[in-house]
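Note sheet for the following structure.
Everything quoted here is computed from the prediction, not taken from an experiment.
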There are 2 protein chains.
Amino acid sequence: MKKLTARQQQFLDFIREYIDKHSFPPSIREIQGHFDLRSTKGVKDHIDRLVACGYLKRVDGAARALEVVGSRYKGDDRVPLVGTVAAGLPILADENIEDYLPVPSGPPRTRGMFYLRVSGDSMVGAAILEGDLVLVRPQPFVEQGEIAVVRIGDEATVKRFFKFSDRIELHSENPKYDPIVCRRGDEEIRVIGRVAAVFRELE
Amino acid sequence: MKKLTARQQQFLDFIREYIDKHSFPPSIREIQGHFDLRSTKGVKDHIDRLVACGYLKRVDGAARALEVVGSRYKGDDRVPLVGTVAAGLPILADENIEDYLPVPSGPPRTRGMFYLRVSGDSMVGAAILEGDLVLVRPQPFVEQGEIAVVRIGDEATVKRFFKFSDRIELHSENPKYDPIVCRRGDEEIRVIGRVAAVFRELE
DNA sequence: TCTCCATGTAAACATATGTATAGACCATAG
DNA sequence: CTATGGTCTATACATATGTTTACATGGAGA
C-alpha cells in the first residue's frame with residue numbers, strides 16, 4: 001500500500017471523521033468546502049488517488065458512494081445475533097436474527113460470521129459462561145480440540161471438538177458433564193463453525 | 001416510538017442491510033428498485049414516515065443522507081483501546097490509544113468508555129483471562145463486589161472491589177493471590193472504573 | 001357503506017453531485 | 001535545468017437523486 005502524502009492523509013482523515021459524525025460519506029463539494037478549495041477538481045484528484053492506492057473504494061457516478069477501506073469504518077464488520085445455542089434450530093434462519101452487533105478488533109473476515117448467545121454452564125472451564133455471546137465463524141470442520149458450535153440432531157451446542165478414526169467426541173469444559181461420543185450410525189453431528197471470540201456483558 | 005407496519009419494517013431492514021453491505025446508505029431509486037416499485041413516491045413516503053417515527057434521520061435534499069437511528073449504525077459507538085492493565089500509567093493518555101474498537105450490543109452510553117487488555121491470571125475465577133479485553137466505564141466508585149479497574153500507586157489492575165469502614169480490599173478471583181488490603185495511610189488506591197464487559201478472541 | 005390511511009402509479013421538476021477539459025503553480029528527482 | 005507529479009483554479013456539463021402534484025387501489029374500522 002503506497003504511502004500517502006500529508007495532504008492525502010488529511011483528505012482521508014476528513015472523510016473518516018465525516019462518516020463517524022454523519023454515518024454517511026461526504027459529497028465532493030462538502031469536502032471541497034471543508035478544505036476551502038475553489039474547485040471540485042482537486043477533491044476528485046485526491047479521491048481518485050486514494051482509491052488507486054487502496055485506501056478508499058467507491059461507486060463511480062453515484063453520490064456519496066465512498067467507503068473507507070480498512071474495515072473499521074465499514075458497516076459490514078457487524079454480524080447478526082441469531083439466537084441462543086442449545087435453543088433448538090433453525091438457528092441460521094433469517095427470521096431468527098435478533099440484532100446486528102459489531103465485532104471488536106476488526107477481524108480479518110467477518111463475512112458469514114454471527115453471534116450466538118450461550119445457554120448453560122458446560123463451558124465454564126473455558127471461561128465461557130451462561131449468557132455470553134460467542135462469535136461463530138462458520139466452517140464444516142474444526143481443528144482437534146477447538147471450541148466449536150455443533151448441531152446434534154435438532155440442537156446446537158458449544159463444545160470442544162475431537163475427532164478420532166472411529167468416533168467424534170464433544171467435551172464440555174465442566175466436570176459435571178460427560179463427553180458426548182458419537183459413532184457412525186448414531187445421531188448425526190454437524191459442525192456449524194468455530195468459536196472465534198467471546199463477549200460478555202457484566203451485570 | 002410508534003410501531004411500524006410490516007411494510008415499513010421491510011424498508012428499514014433493507015436500508016440497514018444496504019448500509020451493512022455498502023457502508024453508505026441507498027438512494028431512493030435503489031430502494032425503489034429493490035422493492036420493484038414503479039414510482040419513487042412510495043419510497044419517499046416510507047422514508048418520511050420512518051423519519052417521523054424516529055427510526056431514521058436524514059438531511060433533506062442531500063443524496064443518500066440517511067442515518068439509521070439507534071447508534072448501532074453510527075460510528076461513534078467505538079471506544080479506544082488504551083493499553084494493558086498492570087502495565088503502568090498513564091493509561092488514559094491520548095498517546096496510549098492503540099486502536100478504536102466497536103462495542104457489541106450497543107450499550108446505553110459508550111461515552112468515555114475504553115478497552116483495556118488484561119495481563120495476568122488473577123481474575124480467571126471470574127472468567128477473565130490473560131489477553132482479554134475489558135470494556136471499562138470510568139467512574140470514581142463501584143458497588144460492593146463489582147469488578148473494577150483500580151490504580152494502585154503507579155499500576156492499574158483488575159480486581160473485585162470491597163469497601164469497609166476502615167479499609168478497602170481488592171480480591172483476585174484466583175486462589176493463588178491473596179486479597180490486597182488497603183487502609184488509610186497506605187499507598188493510595190483510586191478506582192478508575194467498572195468493568196462493563198469482557199471480550200476475548202480465541203487462538 | 002363510507003371514510004381513512006397505507007400503499008402505490010405516473011410524470012415532471014429541481015437540484016445535488018459527480019465528471020471533464022484546459023491550464024497554472026511549485027517542489028523535487030533525474 | 002527540465003520533467004514529473006502533486007495540488008489547485010475556472011468553467012461547463014452530465015446525470016444521479018430528491019421532491020412534488022395528481023390520482024388509483026384496497027383493506028380496516030366507524
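If you take CZ of A:Phe24 and C1' of C:dA16, they are 13 Å apart, rounded to a whole angstrom. At whole-Å resolution of the value, CZ in B:Arg64 and P in D:dT15 are 17 Å apart. If you measure from atom CD1 of B:Ile28 to atom C1' of C:dC13, you get 14 Å, rounded to the nearest angstrom. To the nearest angstrom, C1' of C:dG18 lies 16 Å from CZ of B:Arg29. As rounded to whole Å, 11 Å separates atom P of D:dG6 from atom CG of A:Leu4.
Judged by distance alone with a 3.5 Å cut-off, no donor-acceptor contact links the side chain of A:Arg7 to the base of D:dG6. Looking at A:Arg49, its side chain has no donor and acceptor atom pair within 3.5 Å of the base of D:dG6.
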Walk me through whether B:Glu30 and B:Arg64 qualify under salt bridge (Lys or Arg N to Asp or Glu O under 4.0 Å).
CA-CA 10 Å; B:Glu30 284 169 341; B:Arg64 298 173 189 272; 2.9 Å; yes
Kindly indicate, with the supporting measurements, whether the criterion salt bridge (Lys or Arg N to Asp or Glu O under 4.0 Å) is fulfilled by B:Arg160 and B:Glu173.
CA-CA 8 Å; B:Arg160 222 176 255 289; B:Glu173 286 266 348; 2.5 Å; yes
Starting from the C-alpha separation in whole Å, work towards a yes-or-no answer on side chain to side chain donor-acceptor pair (under 3.5 Å) for A:Gln10 and A:Arg7.
CA-CA 5 Å; A:Gln10 283 176 32; A:Arg7 192 62 168 160; 2.7 Å; yes
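A donor-acceptor pair is defined here as one N or O able to donate and one able to accept, closer than 3.5 Å; no such pair exists between the side chain of B:Asp132 and the backbone of B:Val198.
Within a 6.0 Å sphere centred on CD of B:Gln144, heavy atoms belonging to other residues, nucleotides or ligands number more than 12.
When each of B:Gln8 and B:Ala63 is assigned the nucleotide of DNA chain C bearing its nearest heavy atom, the one mapping closer to the 5' terminus is B:Gln8.
Only A:Thr40, A:Lys41, A:Lys44, listed by number, bring a heavy atom of residues 30-48 of chain A to less than 4.0 angstrom from any atom of DNA chain C.
Residue A:Arg58 places at least one side-chain N or O closer than 4.0 Å to OP1 or OP2 of C:dT19.
Picking from D:dG6, C:dA6, D:dT17 the nucleotide with the shortest atom distance to the side chain of B:Thr5 gives C:dA6. The side chain of A:Ser27 lies closest to C:dT17 when the candidates are C:dT17, D:dT17, D:dT7.
In this structure, A:Arg183 pairs ionically with A:Asp166, as a charged nitrogen and a carboxylate oxygen lie closer than 4.0 Å.
B:Ile47 places a side-chain heavy atom less than 4.5 Å from the side chain of B:Leu66.
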